[in-house]
Amino acid sequence: MESMEIDREKPPSTGEEKNEINPIVLVLMGLPGSGKSTFCDEVMRISPRPWARVCQDTINNGKAGTKNQCLSIAVNALRDGKSVFIDRCNISREQRADFLKLGGPQTEKHAVVLDLPPKLCISRSVKRTGHEGNLQGGKAAAVVNQMVPKKELPKLSEGFNRITFCKDEKEVKEAINVYGSFGPLDSLPSGCFGQKNSDTKIQLGIMKFLKKVDPSGNAGSELTVSQKLITNEIEKDSGIQRAKIGSHPSGEALEKLEKDDEPDITSNSGAIAGDNIPTLAFPSISTADFQFNLEKASDIIVEKVEEFVSRIGKARLVLVDLSHGSKILSLVKNKAAQKNIDSSKFFTFVGDITQLRSQRGLQCNVIANAANWRLKPGGGGVNAAIFKAAGSSLEIATKERAVTLSPGKSVIVPLPSSSPLFAGEGVTHVIHVLGPNMNPQRPDCLKDDYVKGCKILREAYTSLFEGFVSIVKSQEVITKNDDLKAKREAVCESENNKKYKGFHEDFEHGVSSSMDGTKIQDKKVNTSKTWAPWTQALHNVVTDPDKHKNVVLDMSDDVIVINDAYPKAQRHVLVLARADGLDSIADVRREHVSLLKTMHDVGLKWAEKFLDENKSLSFRLGYHSAPSMRQLHLHVISQDFNSSHLKNKKHWNSFNTPFFLDSVDVIKEVEDVGNIASKNDKFLSMELRCHRCRSAHPNIPRLKSHISYCQAPFPSALLQNGRLVSSEGTGC
DNA sequence: GTTCTAGAAC
DNA sequence: GTTCTAGAAC
């Protein structure tokens, strides 16, 4: 961080020592062909302020370079007192995040969004020749098309002081004039600018934009001046108050709120609170287009809900339909009440399943889709609405999981963070379900065979709810055997879903070993693992500590503390057990409990020492279930994961999936059971998810970029039993 | 555990 | 074209 501070001791000689130049970072955002480079050239041509243009297309001796090269050149330019253009597409929040950390707190960050129509960008890119990044011709069109769905407009909450939106050439020219006349000692007003056009067409666009909700829930501060005006106008016109429950409702939403004063829920008022209870919102399967008998369907829904409410812990199931007049909703509501189903775990709800949080204040992390067998968008109803709202990323993610679906089955699709449903509604997974069809106009009609139909509908709900249970469980830290047992029950039967199928089979497998664990607890397990030469480094330290004095931080009769040679976070030390014959956690038995406690205490001491130095850190102490390096060692690792050594999925997942066994849980399991059940290693190849907000990310760079700014609270499981060590928890 | 690198993904 | 992953070698 220090290296990025501008050296204020040596400002460039300006002749005016009193007035300091405040260089700014101006992040351009736009598709290829939107005119970013031209914008920079024009501003630099007329600006009295010293500028440096950091262009990723040419940064590497005229060739395209990397983001890190851009960052390093930008740091140097800022040191020289120059303001910096970040000339790259920067279309997603992740792509911009690192540039917002440039300079010191007094370095203003501006964004100029060249939000020109993709068609125009494509036609410009295709036509141009001699482009610096060699992005021209047909290739350019493909690249632009790929980028369009990934576009995320910048927000002030990302860390920008000022954002200028330009939607056409005229507004681009205005922005060039503003920055062209922006003197070295001038300052520009903060806030969002642009999108001021008030004609109907533009308003519709803005209304669409208004529907997007900041996941952090503080959208209010980010509305542009014009957007605020429009919102106020709507509120004035309709004569109603903005709903307390969510963000800024669209016109459509306001209409609904006028009609529906109270949300239709059967549960207590706590149901709608913006909490983090895992919630599945599901539509009634097969009762719309597939014409399944409503009485029979409602019986099955209530039957299956009753079966699952006992298995979902704190989680909730919510049956959703669009209208108050929904017959299926009232049938289910009454039958659920008759059966005294816990209304905090199951209720019916009126709303659009794609806008439950933004319109109705109901946070649902998982939504079910009444899919078609091809798992394709369209058709109408819930399926069309969900695919439309989730954008192309859902289609792509679905294709990766499955191509078709049989009646009675479901498939779980983790929703990429680029999906608007993820950002706007907080949906992390979509479960596609295919129910039985009774409509002769649709494929696989059962022609009134309700014996078969009911059987398939039951299967569909079972598969859906089990899928939901598996999501809930996979997001918890696996600690107790009880949890594992529940997970065993939660095996999702989704076929056509190899990844998930494999995942659950592995759970099953892991559970079997843990159950067997009680039987083999006193047997000396022969791990029969051979250790390659490179796995011996830690063992060598323990065997001959004197030889490794340079790396040893601390030593006692039982343990040696060293820095991890390739730290995966700002602070990362290892507490090595000195005992002979303890290669890994698999070798630990009851007689080692006191050693484990010593290791934990030493680890805690080091975590607290690091916390004294930096209160913003937090730590986890734990073991890898299948370590690569020989000699039992406890990781003490800060949760920033800010390290150049964290390079791949295995690195990430080894600290952020159940592959990482918290020391407190290990001690308890060895005390209770006598050993640690072997876990499978498939956790290492699981999808990449943020350890705080659990969002999914396509690759390591994107994940790292995300975690550099994600400040979501840690999952509740980590906050329990002292798994997470932070300054708040140490009584300081 | 890391490094290297082919080839997939973008 | 570059970026990124994943598997082999160590």
Original post:
Counting only non-hydrogen atoms, which of residues 643-652 of chain A are less than 4.0 Å from DNA chain B?
Top reply: A:Lys647, A:His651

Original post:
Which part of the nucleic acid, if any, lies within reach of A:Pro533 when heavy atoms closer than 4.0 Å are counted: base, sugar-phosphate only, or nothing?
Top reply: nothing

**OP:** Let me know the distance between CG of A:Asp564 and P of B:dG1, rounded to the nearest Å.
**Re:** 8 Å

Original post:
Which residue, A:His572, A:His691, A:His645, forms the ring pair (Phe, Tyr, Trp, His ring centres under 6.0 Å) with A:Phe655?
Top reply: A:His572

Original post:
When the distance from CG of A:Asn699 to C1' of C:dA6 is rounded to whole Å, what number comes out?
Top reply: 14 Å

Original post:
Taking NE2 from A:His697 and P from C:dC4, how many angstroms apart are they, rounded to a whole number?
Top reply: 15 Å

Original post:
Residues two or more places apart in sequence or in another chain: which of them pass ring-ring contact (aromatic ring centres under 6.0 Å, His included) with A:Tyr623?
Top reply: none

Between the protein and nucleotides 7-10 of chain C, are there any N/O to N/O pairs under 3.5 Å, and if so, what are the atom names and distances?
unit_1: C:dC10; atom_1: N3; unit_2: A:Trp534; atom_2: NE1; d: 3.2
unit_1: C:dC10; atom_1: N4; unit_2: A:Trp534; atom_2: NE1; d: 3.2

**OP:** Would you please name every residue forming a side-chain contact (heavy atoms from CB on, under 4.5 Å) with A:Ala537, sequence neighbours left out?
**Re:** A:Met629

**OP:** Taking atom types as modelled, find out whether A:Asp558 and A:Ser556 have a side-chain donor-acceptor pair closer than 3.5 angstrom.
**Re:** no

**OP:** Specify the separation, in whole Å, of atom CG of A:Leu684 and atom P of C:dT5.
**Re:** 15 Å

Subject >> Length of the CZ-P vector between A:Arg88 and C:dT2, whole Å >> reply: 15 Å

Original post:
So which pairs with a foot in residues 537-551 of chain A pass salt bridge (charged side-chain N to carboxylate O under 4.0 Å, His left out), sequence neighbours left out?
Top reply: none

Original post:
Whole-Å distance between C:dT3 C1' and A:Gln56 CD?
Top reply: 10 Å

**OP:** Please identify each residue that fulfils side-chain contact (heavy atoms from CB on, under 4.5 Å) with A:Glu613, with sequence neighbours left out.
**Re:** A:Arg571, A:Lys609, A:Phe610

Original post:
Expressed in angstrom and rounded to an integer, what is the separation of A:Gln69 atom CD from C:dT3 atom C1'?
Top reply: 13 Å

**OP:** Report which part of the nucleic acid A:His633 touches: base, sugar-phosphate, or nothing (heavy-atom distance under 4.0 Å, all strands).
**Re:** nothing

Run the side-chain donor-acceptor check on residues 695-703 of chain A: report pairs under 3.5 Å with partners two or more places apart or on a different chain.
unit_1: A:Ser695; atom_1: OG; unit_2: A:His697; atom_2: NE2; d: 2.7
unit_1: A:Ser695; atom_1: OG; unit_2: A:His706; atom_2: NE2; d: 3.3
unit_1: A:His697; atom_1: ND1; unit_2: A:Glu94; atom_2: OE2; d: 3.4
unit_1: A:Asn699; atom_1: OD1; unit_2: A:Arg702; atom_2: N; d: 3.0

**OP:** Looking at every strand, decide which applies to A:Lys568 at a 4.0 Å heavy-atom threshold: base, sugar-phosphate, or nothing.
**Re:** sugar-phosphate

Original post:
Looking for any heavy atom pair under 4.0 Å, which part of the strands does A:Ile700 touch: base, sugar-phosphate only, or nothing?
Top reply: sugar-phosphate

Original post:
Rounded to whole angstrom units, what separation is found between the CG atom of A:Leu538 and the C1' atom of B:dT2?
Top reply: 14 Å

Subject >> Partner set under side-chain contact (heavy atoms from CB on, under 4.5 Å) for A:Lys605, not counting sequence neighbours >> reply: A:Asp554

Original post:
Who are the ring-ring contact (aromatic ring centres under 6.0 Å, His included) partners of A:His539, not counting sequence neighbours?
Top reply: none

